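As structure tokens, the structure follows; a few thoughts come after it.
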Amino acid sequence: MRTEKDQPQHPMRWVPSLYLASGMPFYAVALIAGLMYKSMGVPNDQIAHWTGLVGLAWVFKSLWSPFLEAAGSKKMLVVLFQLIGGAALGLVAVSLQLSMYFAISIALLGVVAIASATHDIACDGLYMASLNNKQQATYAGWQGAFFNAAKFLTLGPMVYLAGYLEKTLAPAQAWTIIFAIMGVLLFGLGLYNSWSLPGTKNTTSKASMHSIFVTLQDVIIEFFKKPGIWLAITFIILFRAAEGQIQTIGPLFLREARNLGGLGLTTDQVGIAYGTAGTIAFLGGSVLGGYFASWLGLKRALPWLILAMNTPNLAFFFLSSSLPESMTVITAALAFEMFGYGFGFVGLILFIMQVVAPGKYQTAHYALGTGVMQLGFVLFKTISGDIQVSLGYKNFFIWVLLSAIPVLILTRFVSHGDAPPGASKSGETEGLVKTADA
């Protein structure tokens, strides 16, 4: 007879906490670290270089994902990497008090990134293995909502609190408190999830490392044998050319002093603008972009999605040209840019799902496609600081607008959804609803 203890946990007890824990370290590395270093006087080019390199963990995570199947428990992996991530965020907080804080904190953020990227693999696997198809669809909205709730939490309350603390404390002390809070929150989520997550076992845990390696090798070979794959890879990388630069330099421009061409906003003002109107606009744009692509179909929608994602970058050119002081004007411009970003980004996700992923290893090839997607972001993020320093803010934002032209031209030449020969039309599509923001 099954006891109360044996009953599986209701998904609403663990899906929200699972994906909140997935998003928090991602946004801490991708967004919050740059604002922290700006407050501490690190030059833009150094911020872009090193936070970009740390992001490589999400590029290559698919290469070690098959080896996680050798572990006996998906739950154990998820909890372990949540605890590691929380502890590493706490150590970032401690490192800010050291004389060599920049090098040490970057190394620790690298640990956070690797733990987070590995956690993403395990948590998506747990979600798919623990829920049937109907349940996966039912809770997909909650999955995406709480991943993006982490963006609101970090860019909103955490950045606002950092700005409030900076008014009475040195930046290092203020951000020590912020990263300590994020570390405690993530570690606490790990402890909660050790109770709430279903104890799903890995069905392939008895597979040998050799057989896993052989499968991984076949996955990679089949991926690069797809017709038109190199053109598709080029398209994916260039899709993120403007975005990778604007999402890196944009927040730094907001914080830059007015006599240096920036808007001179305080940290808490950035938190209000991005964490409220910006996040809401991004989520609204993402939803509407999905409906728009569904209505027109990928082939007809893709050029419009690219324009929607890049044309609103005019907002930053406007801000750098006019340097308005009104927070209403600044917030409205950022909301416009974030709405277009969310609306257009849907096109890249659908391109990977419908053009790159179909075939023998649909889920694995989707993971490789999203790795290429992250590579595009990292490449342009890494060089954005050098370009901005060379051009200045106003000319940099013109360059960003021009960066969108090559991918728009490529839409005429890439495939728009016809599966490669022999590809399955059904395949596995579960667990692919979470937007990869950075």
Side-chain angles (χ1 to χ4, degrees), residues 15-36 38 51 55 116 140-164 178 181-182 185-186 189 240 242-244 246-255 263 265-292 305 308-313 315-316 319 327-346 348-349 377 381 433-438:
V15 171
S17 61
L18 178 63
Y19 282 92
L20 186 63
S22 179
M24 188 181 300
F26 175 80
Y27 290 117
V29 172
L31 300 175
I32 304 305
L35 289 170
M36 173 188 71
K38 187 66 176 177
T51 58
S116 176
W142 292 101
Q143 179 195 42
F146 275 84
F147 182 85
N148 286 296
K151 183 176 186 179
F152 172 80
L153 175 65
T154 52
L155 266 183
M158 289 294 102
V159 173
Y160 178 83
L161 178 59
Y164 177 80
I178 297 305
I181 291 173
M182 289 193 292
L185 286 175
L186 185 55
L189 283 170
R240 306 202 76 179
E243 177 215 348
I246 206 80
Q247 295 300 317
T248 303
I249 301 300
L252 305 183
F253 159 73
L254 300 179
R255 291 282 288 113
L263 290 185
L265 300 186
T266 60
T267 304
D268 53 326
Q269 287 176 318
V270 174
I272 292 172
Y274 263 130
T276 53
T279 299
I280 293 169
F282 172 79
L283 294 175
S286 298
V287 172
L288 291 178
Y291 283 116
F292 179 79
L305 293 171
M309 185 169 174
N310 291 284
T311 303
N313 290 334
F316 276 101
L319 292 174
M327 275 302 296
T328 301
V329 173
I330 294 169
T331 302
L334 294 177
F336 174 64
E337 184 267 335
M338 291 297 285
F339 179 87
Y341 172 32
F343 191 95
F345 194 81
V346 171
L348 184 54
I349 295 295
F377 183 85
K381 176 185 178 73
V433 299
K434 184 177 65 179
T435 299
D437 259 301

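Predicted, not measured: the structure shown is a model, and the values here were computed from it.
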With heavy-atom distances below 4.5 Å as the criterion, would you say the side chains of [X] and [Y] are in contact?
{"X": "Ile181", "Y": "Leu161", "value": "yes"}
{"X": "Tyr160", "Y": "Gln269", "value": "no"}
{"X": "Asp268", "Y": "Val159", "value": "no"}
{"X": "Glu337", "Y": "Ile246", "value": "yes"}
{"X": "Tyr274", "Y": "Leu254", "value": "yes"}
{"X": "Thr154", "Y": "Leu31", "value": "no"}
{"X": "Val29", "Y": "Thr51", "value": "no"}
{"X": "Asn313", "Y": "Glu243", "value": "no"}

task = Kindly indicate, with the supporting measurements, whether the criterion side-chain contact (heavy atoms from CB on, under 4.5 Å) is fulfilled by Phe345 and Arg240.
result = CA-CA 9 Å; Phe345 194 81; Arg240 306 202 76 179; 3.6 Å; yes
What is the minimum heavy-atom distance between [X] and [Y], and which atoms define it?
{"X": "Ala333", "Y": "Ala315", "answer": "O-CB, 3.4 Å"}
{"X": "Met327", "Y": "Ala273", "answer": "CE-CB, 4.3 Å"}
{"X": "Ala150", "Y": "Gly23", "answer": "CB-C, 3.4 Å"}
{"X": "Ala281", "Y": "Ala335", "answer": "CB-O, 3.2 Å"}

inquiry  = Is it the case that the side chain of Thr311 and the backbone of Ala308 share a donor-acceptor pair, with hydrogens and angles ignored and the cut-off at 3.5 Å?
reply    =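 Checking the backbone N and O of Ala308 against the side chain of Thr311, no donor-acceptor pair under 3.5 Å is found.
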ask   = Can any side-chain N or O of Arg255 pair as donor or acceptor with the backbone N or O of Leu35 at less than 3.5 Å?
value =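 No, Arg255 side chain to Leu35 backbone: no donor-acceptor pair under 3.5 Å.
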ask   = What distance do Phe152 atom CZ and Met158 atom CE have between them, rounded to the nearest 0.5 Å?
value =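 The distance works out to 10.5 Å.
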request  = State the OG-CZ distance between Ser22 and Phe146, to the nearest 0.5 angstrom.
outcome  = 13.5 Å
task = Determine, using ring centers only, whether Tyr341 and Phe282 are less than 6.0 Å apart.
result =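 Yes, they do, as the ring centres are separated by less than 6.0 Å.
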ask   = Where does the angle between the aromatic ring planes of Phe253 and Phe316 fall among parallel (under 30°), tilted (30 to 60°) and perpendicular (over 60°)?
value =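 Perpendicular, since the angle between the ring planes exceeds 60°.
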inquiry  = Does Tyr164, at its OH atom, have more than 12 non-hydrogen atoms belonging to other residues, nucleotides or ligands within less than 6.0 Å?
reply    = no
